[in-house]
Amino acid sequence: MNVKVPFGDLTAQYLRIKDELDTAVRSVIEDNAFVGGSRVSAFEEAFACKTGAGHCVGVSNGTDAIYCVLRMLGIGPGDEVITTAHSWIASSEVISECGAKPVFVDTDEYFHIDPAAIESRITDKTRAIIAVHLFGQACDLDMIEDICKRHNLQLIEDCAQAHMATWRGKHVGSMGVAGTFSFYPGKNLGAYGDAGAVITGDPKLAESIRMYRNHGALIKHQHKIEGRNSRLDGLQAAILSVKLPYLEEWTCERRVVAELYDRLLTPIEQVTIPQQREHAKHVFHLYVIRVSARDALRDHLANSGIQTGIHYPTALPLLEAYKYLDCDHQEFKSAVGAQHEILSLPIFPELDPIQVRYVADSIQEFFS
Ligand SMILES: *Cc1c(COP(=O)(O)O)cnc(C)c1O
């Protein structure tokens with residue numbers, strides 16, 4: 001079967017700004033500006049400005065972004081960090097990598113950590129909460145911030161899927177002690193390889209991450225601490241700087257696609273469209289519907305040439321990697337229920353309304 005509607009199309013985006021990208025890449029190569037340098041600092045400044053953050057530190061990927069924050073907050077063995085039962089494994093594996101214990105919390109109807117279920121999981125070892133703004137929409141930050149304040153916990157926002165998403169008009173990542181971003185190629189702002197960043201309003205935290213990402217040195221050979229190599233490279237920074245000015249436009253285009261899906265799918269009673277939270281601006285990294293006959297629908301769409309995805313097929317506490325935690329699966333009824341029903345439909349800025357209609361018609365056809 002020919003692909004009629006791909007899940008994503010990075011070539012379409014490249015062709016829109018090919019000349020600018022080609023020029024930027026060539027200039028990095030000509031200047032040998034591969035690691036560090038002006039491209040990286042220029043992107044950091046532009047991204048801080050775009051998100052309204054005081055500081056931005058580029059790192060090598062979105063996983064390292066969270067890891068660096070945890071390490072520089074001093075989180076390690078003996079500590080517990082709370083996070084959601086439904087995310088990409090990066091949100092939790094960084095906790096274990098620090099030597100701390102991941103503590104999972106079930107999800108709400110928006111596929112986010114359920115604020116009402118957090119407090120019962122807090123112990124005297126809990127140090128932080130990693131809130132994941134999954135699929136492009138902010139978690140209930142009012143409730144989560146309130147819990148963090150009352151229990152003296154650090155709030156880290158995993159914004160890997162939520163570039164330009166806001167909560168009460170403020171960019172995600174700016175409410176917690178730090179916000180972490182991935183620029184993996186398929187994210188809403190994507191590099192041409194791995195890349196990531198941390199934003200924070202705390203200048204000391206920014207400086208320590210700046211040091212840590214570069215072997216503990218701000219000045220060559222002056223290693224104040226042991227760090228690691230988690231740098232953003234010049235080529236990726238230059239590419240990201242070319243793309244960043246278009247991000248608002250691309251975000252609007254994603255929202256237009258989502259609105260059309262909403263309109264066409266609402267009449268189909270077997271389909272639950274993505275719920276949008278009051279006070280949150282959704283940027284639709286993914287457009288995730290819920291259907292009980294998910295696998296059969298997915299096969300039907302595949303046979304119609306429509307690519308779909310499942311984000312994610314297994315709730316984190318049920319993964320083999322977390323067998324050692326010996327979690328009680330009964331505590332994750334919502335996340336486990338969702339894993340069998342979620343289906344991510346194609347969404348990207350260049351997706352044609354004709355293609356969106358074709359997807360909606362194919363879903364209608366399946367149910368009739
Ligand atoms: C993509 C992603 C990450 C990790 O980013 P990488 O750049 O791939 O390391 C972390 N959290 C979430 C929710 C993600 O979607």
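Both counts, for ligands and for their atoms, begin at 1 and track the order of listing.
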Atom indices of ligand 1, in the order listed, that fall short of 4.0 Å to a heavy atom of [X]:
{"X": "Asn61", "value": "7 (O), 9 (O)"}
{"X": "Ala90", "value": "3 (C), 4 (C), 10 (C)"}
{"X": "Ser87", "value": "13 (C)"}
{"X": "Ala160", "value": "2 (C), 3 (C), 10 (C), 11 (N), 12 (C), 14 (C), 15 (O)"}
{"X": "Val132", "value": "13 (C)"}
{"X": "Gly62", "value": "4 (C), 5 (O), 6 (P), 7 (O), 9 (O)"}

Polar contacts were defined as any N/O atom of the residue lying under 3.5 Å from an N/O atom of the ligand; does this apply to [X] and ligand 1?
{"X": "Leu134", "value": "no"}
{"X": "Trp88", "value": "no"}
{"X": "Gln161", "value": "yes"}

Below 3.5 Å, can you tabulate the donor-acceptor pairs from side chains in residues 8-16 to any protein atom, sequence neighbours excluded?
residue	atom	partner	partner atom	Å
Asp9	OD1	Thr11	N	3.2
Asp9	OD1	Ala12	N	3.1
Gln13	OE1	Lys243	NZ	2.7
Tyr14	OH	Asp22	OD1	2.7
Tyr14	OH	Asp22	OD2	3.4
Arg16	NH1	Glu253	OE1	3.0
Arg16	NH1	Glu350	OE2	2.9
Arg16	NH2	Glu249	OE2	3.3
Arg16	NH2	Glu253	OE1	3.2
Arg16	NH2	Glu253	OE2	3.0

- request: Measure from atom 4 (C) of ligand 1 to every heavy atom in Thr63, Thr180, Val59 and give the option owning the shortest one.
  value: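 Considering heavy atoms of Thr63, Thr180, Val59, the nearest to atom 4 (C) of ligand 1 sits in Thr63.
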query: Can you tell me if Gly196 has a non-hydrogen atom under 4.0 Å from ligand 1?
result: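 Distance cut 4.0 Å: Gly196 fails for ligand 1.
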message: Just to check, does Lys187 reach to within less than 4.0 Å of ligand 1 when the distance is taken from its heavy atoms?
response: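 Lys187: in contact with ligand 1 (<4.0 Å).
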query: Can you check side-chain hydrogen bond (donor to acceptor under 3.5 Å, both in side chains) on Thr123 and Glu80, steps first, answer last?
result: CA-CA 8 Å; Thr123 71; Glu80 293 178 1; 2.9 Å; yes
message: If I take atom CD1 from residue Ile342 and atom CZ from residue Arg294, how far apart are they, to the nearest 0.5 angstrom?
response: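 The CD1 atom of Ile342 sits 6.5 Å away from the CZ atom of Arg294.
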query: Of the backbone atoms (N, CA, C, O) and the side-chain heavy atoms from C-beta on, which set of Asp158 has a member under 4.0 Å from an atom of ligand 1: side chain, backbone, both, or neither?
result: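 The answer is the side chain.
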query: Which protein non-hydrogen atom lies closest to atom 8 (O) of ligand 1, naming both residue and atom, and how far is it?
result: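 It is Ser182 OG, 4.0 Å.
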Between [Y] and [X], is the closest basic N to carboxylate O distance under 4.0 Å?
{"X": "Arg277", "Y": "Asp108", "value": "yes"}
{"X": "Asp64", "Y": "Arg213", "value": "no"}
{"X": "Glu97", "Y": "Arg71", "value": "no"}

Plane angle bin for His221 and His223 - parallel if under 30°, tilted between 30 and 60°, otherwise perpendicular: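 Perpendicular: the ring planes of His223 and His221 meet at over 60°.
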message: Using a 4.5 Å cut-off between side-chain heavy atoms of Ile, Leu, Val, Met, Phe, Trp and Tyr, which other residues end up in the same hydrophobic cluster as Ile144?
response: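 In the cluster with Ile144 are Ile82, Val103, Val105, Ile113, Ile118, Ile122, Ile129, Leu141, Ile147, Leu153, Leu155, Trp167, Met175.
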message: Tell me whether Trp250 at atom CH2 has more than 12 heavy atoms from other residues, nucleotides or ligands lying less than 6.0 Å away.
response: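 Yes, CH2 of Trp250 has more than 12 neighbouring heavy atoms, counting only those of other groups under 6.0 Å.
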